[in-house]
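Here, residue 1 is the first one in the sequence, and each next residue gets the next number. No experiment lies behind these values; they were computed from the predicted model shown. Numbering of ligands and ligand atoms starts at 1, following listing order.
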Amino acid sequence: MKFASTRDKNHIVSFQDALFQGLSPDGGLYYPIETPDLKSSFSLFDQNSSFQDIASSLIVSLLGDEIPESDSQILAKRAFPFSPELKKLNDKINILELYHGPSSAFKDFGASFLATSMEYFLNDRDQKAVILTATSGDTGSAVAKAFYDKKNIDVVILYPSGRVSPLQEKQMTTLGKNIHALEVDGSFDDCQRMVKDSFTDKELSGINLSSANSINLGRLIPQSFYYVWAVSRLKNASEVPVFCVPSGNFGNLTAGLYAKSWGLETGKFIAATNRNDVVPSYLASAIYTPRASVQTYSNAMDVGAPSNFERMQTLYNNDVSLMKKDIIGCMVSDEDTLATMKYMDEEYGYAVCPHTAVGIKAAMDRTSKESNITVLSTAHPGKFMEVYEKAVGKKPQLPASLLAVKDLDKVSRLISNSSKELKKTLLSLFS
Ligand SMILES: *Cc1c(COP(=O)(O)O)cnc(C)c1O
């Protein structure tokens with residue numbers, strides 16, 4: 001499979017190049033230019049196919065020209081020592097729990113595959129790389145866990161001092177080895193600017209800098225695998241499954257749309273957002289109006305200009321009526337988010353994070369029209385303790401990943417919010 005930039009169809013690269021470049025040099029996002037028909041391999045999967053089996057088979061189908069079959073099994077094993085779980089909520093709604101990985105959020109699937117495949121290709125090329133990334137919390141912990149102890153790769157994480165939750169900070173600063181945490185005396189925007197400046201700084205060109213942000217294809221591709229896994233479990237239902245996806249940057253949803261385009265039997269997708277509803281608004285009005293984000297209780301979805309919208313537009317040839325055949329938009333208010341978290345506890349004794357609650361509310365609103373909806377559960381409720389307590393009136397259980405780091409000592413390096421100081425630090429670490 002080859003990949004092209006959403007801004008220039010003639011700029012075509014391999015998976016490896018897309019992986020290490022992240023963003024295309026023209027500012028576009030890489031997308032698959034081919035649409036393989038994988039129906040026959042999807043039909044072979046059933047209850048007994050493990051997530052690793054399905055991942056390994058898809059790695060060969062999609063990336064076989066760069067990752068041979070024998071290696072795909074090793075990669076799938078290394079990348080996915082964890083699996084999704086499917087829970088039946090009631091006659092019409094299932095929940096696809098994607099938070100059983102090392103940082104307790106679905107981003108583990110993408111981050112882990114990214115790290116494992118980078119390590120694999122670097123080994124082949126006999127090269128080293130340094131991943132430089134800015135985080136406001138969630139991405140940093142998934143990336144740190146995913147890259148921990150990987151060969152030939154160091155990770156430098158910048159985070160705004162005092163502006164990430166204490167537990168998130170612990171997740172990034174207690175690993176050691178090849179994970180370096182830089183605590184920046186400034187904002188998340190400062191961190192992002194400093195990272196950007198480093199990528200264009202000539203004095204740093206001796207260091208092989210790469211990014212691990214969510215637009216990277218290495219994070220997007222593996223997110224399609226769990227839709228295939230879920231359908232292998234939902235096959236005997238009388239109606240094809242409809243997926244409901246709590247969305248911010250729309251990477252998760254885009255991965256599902258790709259799986260459908262490759263022949264996965266699904267119905268429509270419900271794009272569930274909080275008040276940052278530019279995509280539902282686009283589907284309703286045919287006019288796309290990105291805007292500054294507003295803060296909500298489901299803060300990992302507070303995105304006013306979703307990065308993957310470019311990929312969605314490319315997939316549907318910029319035709320809103322085509323997109324509407326596959327996607328239903330639904331906005332859920334903060335009030336309904338909290339009420340749904342409480343309802344889930346009272347009615348089902350089932351704890352959900354605020355993002356998952358947005359998806360569940362959107363699904364419940366559709367059950368008069370659809371009777372086989374699977375909601376993606378994107379994070380463990382214990383990661384959002386304050387919101388959970390506010391909604392439900394009691395403390396959630398902490399996931400194992402957080403219990404393990406709670407009492408460890410943080411190790412970070414405090415730096416000022418200047419690109420110069422970041423450069424000095426990088427040179428002292430890596431040259
Ligand atoms: C990142 C994130 C989302 C949004 O996913 P996108 O792929 O950006 O749409 C939803 N929930 C949680 C918990 C997240 O961390």
Side-chain angles (χ1 to χ4, degrees), residues 29 84 95-114 133 135-143 145-146 164-165 167-168 171 212-227 243-259 269-280 290 293 296-312 327 329-332 337 340-341 351-362 375-385 387-388 396 399 401-402:
L29 276 66
I95 298 185
L96 179 61
E97 295 179 351
L98 299 173
Y99 55 73
H100 300 288
S103 83
S104 303
F106 83 89
K107 292 192 170 72
D108 286 330
F109 285 92
S112 190
F113 185 71
L114 177 76
T133 191
T135 184
S136 54
D138 247 8
T139 300
S141 53
V143 167
K145 286 277 192 184
V164 301
S165 84
L167 279 174
Q168 281 179 331
Q171 286 185 300
N213 59 22
S214 65
I215 48 102
N216 197 304
L217 259 186
R219 285 180 57 173
L220 190 70
I221 297 278
Q223 288 178 213
S224 64
F225 301 171
Y226 42 72
Y227 290 93
F243 285 100
C244 180
V245 190
S247 296
N249 267 320
F250 284 78
N252 227 353
L253 186 88
T254 301
L257 298 172
Y258 285 153
F269 287 76
I270 302 170
T273 69
N274 57 30
R275 277 207 300 125
N276 297 285
D277 64 343
V278 292
V279 171
S293 65
T296 73
Y297 289 127
S298 46
N299 63 1
M301 308 189 329
D302 291 349
V303 181
S307 49
N308 282 290
F309 188 69
E310 267 188 60
R311 285 189 173 120
M312 293 163 68
I327 310 174
C330 179
M331 189 275 279
V332 174
T337 303
T340 304
M341 292 170 76
V352 295
C353 85
H355 313 84
T356 305
V358 167
I360 289 177
K361 172 68 177 147
V375 180
L376 274 60
S377 176
T378 51
H380 190 293
K383 290 195 87 172
F384 303 91
M385 209 158 20
V387 182
Y388 191 87
S401 64
L402 291 182

Next item on the list: Say whether G248, considering both its backbone and side-chain N or O atoms, lies within less than 3.5 Å of an N or O atom on ligand 1.
Entry: yes
Note to self: Is it the case that the ring center of Y226 lies less than 6.0 angstrom away from the ring center of F109?
What the structure shows: yes
Note to self: Determine whether a donor-acceptor pair (N or O, by modelled atom type, separation under 3.5 Å) exists between the side chain of T139 and the backbone of T135.
What the structure shows: no
Note to self: Looking only at protein heavy atoms, which one is nearest to atom 3 (C) of ligand 1, and what is the separation?
What the structure shows: F106 CE2, 3.6 Å
Check: In terms of atom number and element, which parts of ligand 1 are under 4.0 angstrom from non-hydrogen atoms of S247?
Finding: 9 (O)
Check: Just distances here: any N/O of N252 and N/O of ligand 1 closer than 3.5 Å?
Finding: yes
Checklist line | Interfacing atoms of ligand 1 (cut-off 4.0 Å, heavy-atom, G251) | finding: 6 (P), 7 (O), 9 (O)
Note to self: Donor-acceptor check, side chain of N274 to backbone of S298, threshold 3.5 angstrom: yes or no?
What the structure shows: yes
Check: Taking atom types as modelled and ignoring hydrogens, do the side chains of N216 and R219 form a donor-acceptor contact shorter than 3.5 angstrom?
Finding: no
Check: Numbering the atoms of ligand 1 from 1, which are under 4.0 Å from a heavy atom of K107?
Finding: 1 (C), 2 (C), 3 (C), 14 (C), 15 (O)
Check: Ignoring hydrogens and geometry, is there a side-chain-to-backbone donor-acceptor pair from S165 to Q168 under 3.5 Å?
Finding: yes
Note to self: Under 3.5 Å between any N/O of C353 and any N/O of ligand 1: does that happen in this structure?
What the structure shows: no
Notebook entry, point to check: What about A105: any of its N or O atoms under 3.5 Å from an N or O on ligand 1?
Noted result: no
Check: Got the closest protein heavy atom to atom 8 (O) of ligand 1, with its distance?
Finding: N249 N, 2.8 Å
Notebook entry, point to check: Taking R311 for the side chain and I215 for the main chain, is one N or O donor matched with an acceptor at less than 3.5 Å?
Noted result: yes
Margin query: Which residue and atom name correspond to the protein heavy atom nearest atom 11 (N) of ligand 1, and how close is it?
Written below: T378 OG1, 2.9 Å
Check: Hey, is K383 touching ligand 1 through its side chain, its backbone, both or neither, going by heavy atoms under 4.0 Å?
Finding: neither
Next item on the list: Heavy-atom contacts with A379 under 4.0 Å: which atoms of ligand 1 show up? List them by number with element.
Entry: 13 (C)
Checklist line | Test side-chain contact (heavy atoms from CB on, under 4.5 Å) applied to L253 and I327, I270, V279, N308, the passing residue | finding: I327
Margin query: Between S112 and A146 (side chain of the first, backbone of the second, donor and acceptor by atom type, cut-off under 3.5 Å), is there such a pair?
Written below: no
